[in-house]
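Okay, so here's the structure we're looking at.
Chain letters run A, B, ... following the sequence lines, proteins first, then strands; residues in each count from 1.
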There are 2 protein chains.
Amino acid sequence: MDPHLLRTFVAVAGTGSFSAAAQELGYTQSAVSQQIAALESDLGATLLHRRPVAPTDAGARLLEHAGPILLRLSAARADVARLAGEPAATVVLGATPCAGGARAAAVLASVQRAMPRVRFTLLVAGRAAVATGVATGTLDVGLVDGVTAPSDPLPLPDAGQLVSSALAESAAVAAFPVGHPLAGRRCIELADLADATWIDAPEVATPLPQLRALAHSGGFRDGFAYPGTDTGGLLELVAAGAGLALLPGPVTHPGVVGVPVTVPRLVHRTELVHGSLTPPARALADAFRS
Amino acid sequence: MDPHLLRTFVAVAGTGSFSAAAQELGYTQSAVSQQIAALESDLGATLLHRRPVAPTDAGARLLEHAGPILLRLSAARADVARLAGEPAATVVLGATPCAGGARAAAVLASVQRAMPRVRFTLLVAGRAAVATGVATGTLDVGLVDGVTAPSDPLPLPDAGQLVSSALAESAAVAAFPVGHPLAGRRCIELADLADATWIDAPEVATPLPQLRALAHSGGFRDGFAYPGTDTGGLLELVAAGAGLALLPGPVTHPGVVGVPVTVPRLVHRTELVHGSLTPPARALADAFRS
DNA sequence: TGATTTTACGATGGCCGTAATCATT
DNA sequence: AATGATTACGGCCATCGTAAAATCA
């Protein structure tokens, strides 16, 4: 199972086309066809239905493994490179929208002042992008926020020895439109909200699948998807009655009421996450922790 | 980073010799040398010191990744094979020594009676062996026991979607030789034992590194190592004053006193663990859970 | 019929083994 | 010296690209 074959397999499964995958990877259609054939013969199973091309059961199962394997592979490469290469003259901090606030900017600026020779950069991206970026070495340090139970860490993709430490916690708040029957409550149980319609805003609120996991429930019907990274825009949708959302911290938006979730007690936590650190990156991480 | 190269790298690092690794893998010394050279040139870092051959810092880091990657790779292969291959006529149950007790045998026998066409087998092995066996498909179902906090699952090597569910829990008990100053206590805090000498018996008691993690302490000095799988033998050592041990359940052995650990509250739990299940393996798993 | 995957085939490159060389104890 | 890693070299196999054939919509 050559990683190359794995990579073209996920490309083919992702694009749903041999030719598109070939173009994406800089191969010939023929080469892709041969690679898939080789992989299938190696594993002794057909991985893809052709015309239309879609993963078989076995292929779908392989896909679940392929992503993490490829991720870990590049994490290993980046990890070794960081340890063996010359000391990097640049440090990139990745942050999710909510985590990369004023404090992040201030810390970054102060460390930059202390080490003028090193170039510090801030890069805002989604949760998954920050986590994989840190794992693969694209980012030196990550700031990730999300909602969990107080004793549990934030769920991160497995890419080896990622260190994460909590920086701050605040209450997790469910956002209702005014006039919603539950909007008057002082506090609320998550289970009561399983039947409501929710907005799936994975970048700025809590991803729905995670919400279902936290509540041990299959509910939480999703209405709109909100791929944006702007809290205000999401709250507009909530005010308009498009659905509920589980957000960090207090909600102050016309037409929206925030109620803290008490059972299970949920917190919005921002965590600092990193792999092995170059010296300047270590300085940045230490600055955040102090 | 071809998995082949990774595999020979861990073999070389493990044996501490190019020639030994070559023999182990069925290669020539020359081939191994070339593979290591290729890997080092690919990663742009020297991974091994030569003469004596020992991993460099970068090599050690790579080793931390290589194991899980290789494990996951074979897990993927096994997973696909199980899903695509013909229905297996044999089911292998792996169990750690403490977990594979009378109940395991009884359940196995009853399922065997119900499905005479399928061959059910019990295989007793260490924790790690059972877990990796389940992950790589060598074992269909695993029974693993160990000590943790009540709310935490047992730590398992990451090999994808392993399902684990608790079967039974009992108190975790620290074993003292009679006459030990703490042996008279009704209950005990783990932190009080950090300065004591412990026997490292990873197969039958709690591995010391895990103990340190549970107590958030660097203590727990290790005296003897006890690689065996026999509780009686370990308790002989305890009685002789060789050190303490953290064990499942009540201790009844001459010269040894057991005291339950209360802070943090620790339990000895046996978990049922499996990946995807063939139908007969599913029957076995269901029998255990009911 | 047309788009798309598969097969055929020749060329290139990679990898292993044999054997000679080099280095360290 | 002797053990053990590296380098040199030749042969084999794998994989890619070009191009023709086959297959499904």
Side-chain angles (χ1 to χ4, degrees), chain A residues 1-60 62-63 66 69-70 73 76-77 80 84, chain B residues 1-60 62-63 66 69-70 73 76-77 80 84:
Chain A
M1 276 207 301
D2 193 321
H4 289 260
L5 304 188
L6 238 41
R7 200 168 62 105
T8 83
F9 172 63
V10 320
V12 171
T15 62
S17 152
F18 281 57
S19 10
Q23 191 159 6
E24 178 181 324
L25 300 175
Y27 282 120
T28 300
Q29 290 119 324
S30 166
V32 170
S33 180
Q34 292 178 56
Q35 290 191 12
I36 298 297
L39 190 60
E40 288 184 327
S41 120
D42 177 31
L43 294 177
T46 72
L47 301 171
L48 294 166
H49 295 295
R50 321 294 157 99
R51 249 189 260 263
V53 27
T56 63
D57 287 353
L62 182 60
L63 273 179
I69 288 173
L70 261 15
L73 232 17
R77 172 179 298 276
V80 170
Chain B
M1 275 210 301
D2 192 322
H4 289 260
L5 304 188
L6 238 41
R7 200 168 61 104
T8 84
F9 173 63
V10 319
V12 171
T15 62
S17 152
F18 282 56
S19 11
Q23 191 159 6
E24 178 180 323
L25 300 175
Y27 282 121
T28 299
Q29 291 120 324
S30 167
V32 170
S33 181
Q34 291 180 54
Q35 290 190 13
I36 298 297
L39 190 58
E40 289 185 326
S41 119
D42 177 30
L43 294 177
T46 71
L47 301 171
L48 294 166
H49 294 296
R50 321 294 157 98
R51 238 184 268 267
V53 27
T56 64
D57 286 353
L62 182 60
L63 273 178
I69 289 172
L70 260 15
L73 231 18
R77 173 179 296 277
V80 169

* **Length of the NE2-C1' vector between A/H49 and C/dT5, whole Å** => 16 Å
* Looking only at heavy atoms, which two atoms of A/F9 and A/I36 are closest? And how far apart? -> CA-CD1, 3.8 Å
* Asked: Can you check whether B/L70 reaches B/L6 side chain to side chain, under 4.5 Å on heavy atoms?
  -> yes
* Do B/L39 and B/T8 have side chains that get closer than 4.5 Å, going by heavy atoms? -> no
* To do: Sorted by first residue and then second, give each salt bridge (Lys or Arg N to Asp or Glu O under 4.0 Å) pair with at least one member in residues 31-44 of chain B; sequence neighbours left out.
  => A/R77-B/D42, B/E40-B/R50
* **Spatial distance of atom OG1 (A/T56) from atom CG (A/L62) [nearest 0.5 Å]** => 9.0 Å
* Look at the side chain of B/S33 and the backbone N and O of B/Q29, then say whether any donor-acceptor pair between them is shorter than 3.5 Å. => no
* **Enclosure of A/D57 CG (heavy-atom neighbours >12, cutoff 6.0 Å)** => no
* Asked: With a non-hydrogen cut-off below 4.0 angstrom, is A/S19 in contact with a base, only sugar-phosphate, or nothing?
  -> sugar-phosphate
* To do: Work out which heavy atom in B/A58 is nearest to a heavy atom in B/T46; give both atom names and the distance.
  => CB-O, 4.2 Å
* **Spacing of A/I69 atom CD1 and B/I69 atom CD1 [to the nearest 0.5 Å]** => 8.5 Å
* **Inter-end axis angle, the helix from C/dT1-D/dA25 to C/dT25-D/dA1, with every axis fitted to five base pairs (rounded, 10 degrees)** => 40°
* **5' to 3' contact window, DNA chain D with chain B (heavy-atom distance under 4.0 Å)** => D/dG4 to D/dA8
Set out, line by line, the N/O atom pairs under 3.5 Å between protein and nucleotides 14-18 of chain C.
residue : atom : partner : partner atom : Å
C/dC16  : OP1  : B/Q35   : NE2          : 2.7
C/dG17  : OP2  : B/T28   : N            : 3.1
C/dG17  : OP2  : B/T28   : OG1          : 3.1
C/dG17  : O5'  : B/T28   : OG1          : 3.3
C/dG17  : O6   : B/Q34   : NE2          : 3.3
C/dT18  : O4   : B/S30   : OG           : 3.0

* Asked: Using a heavy-atom distance cut-off of less than 4.0 Å, which residues of residues 6-14 of chain B contact DNA chain C?
  -> none
* Asked: Do you know the tightest heavy-atom contact between B/G59 and B/P55?
  -> C-CB, 4.1 Å
* Could you tell me the separation between the CG atom of A/L63 and the CG atom of A/L48, rounded to the nearest 0.5 Å? => 8.0 Å
* Figure out the CZ/C1' separation between A/F18 and C/dT7, and round it to whole Å. => 14 Å
* To do: Rounded to the nearest 0.5 Å, what's the gap from CZ on B/F18 to CD on B/Q34? Could you check?
  => 11.5 Å
* **Over 12 foreign heavy atoms within 6.0 Å of CD, A/E24** => yes
* Base, backbone or nothing for each nucleotide of nucleotides 20-25 of chain C, written B, S, -, heavy atoms under 4.0 angstrom, 5' to 3'? -> ---BSS
* Return yes if a side-chain donor-acceptor contact under 3.5 Å exists between A/S19 and A/S17, otherwise no. => yes
* To do: Identify the heavy atoms of B/T15 and B/A21 that sit nearest to each other, and give their distance.
  => OG1-N, 3.7 Å
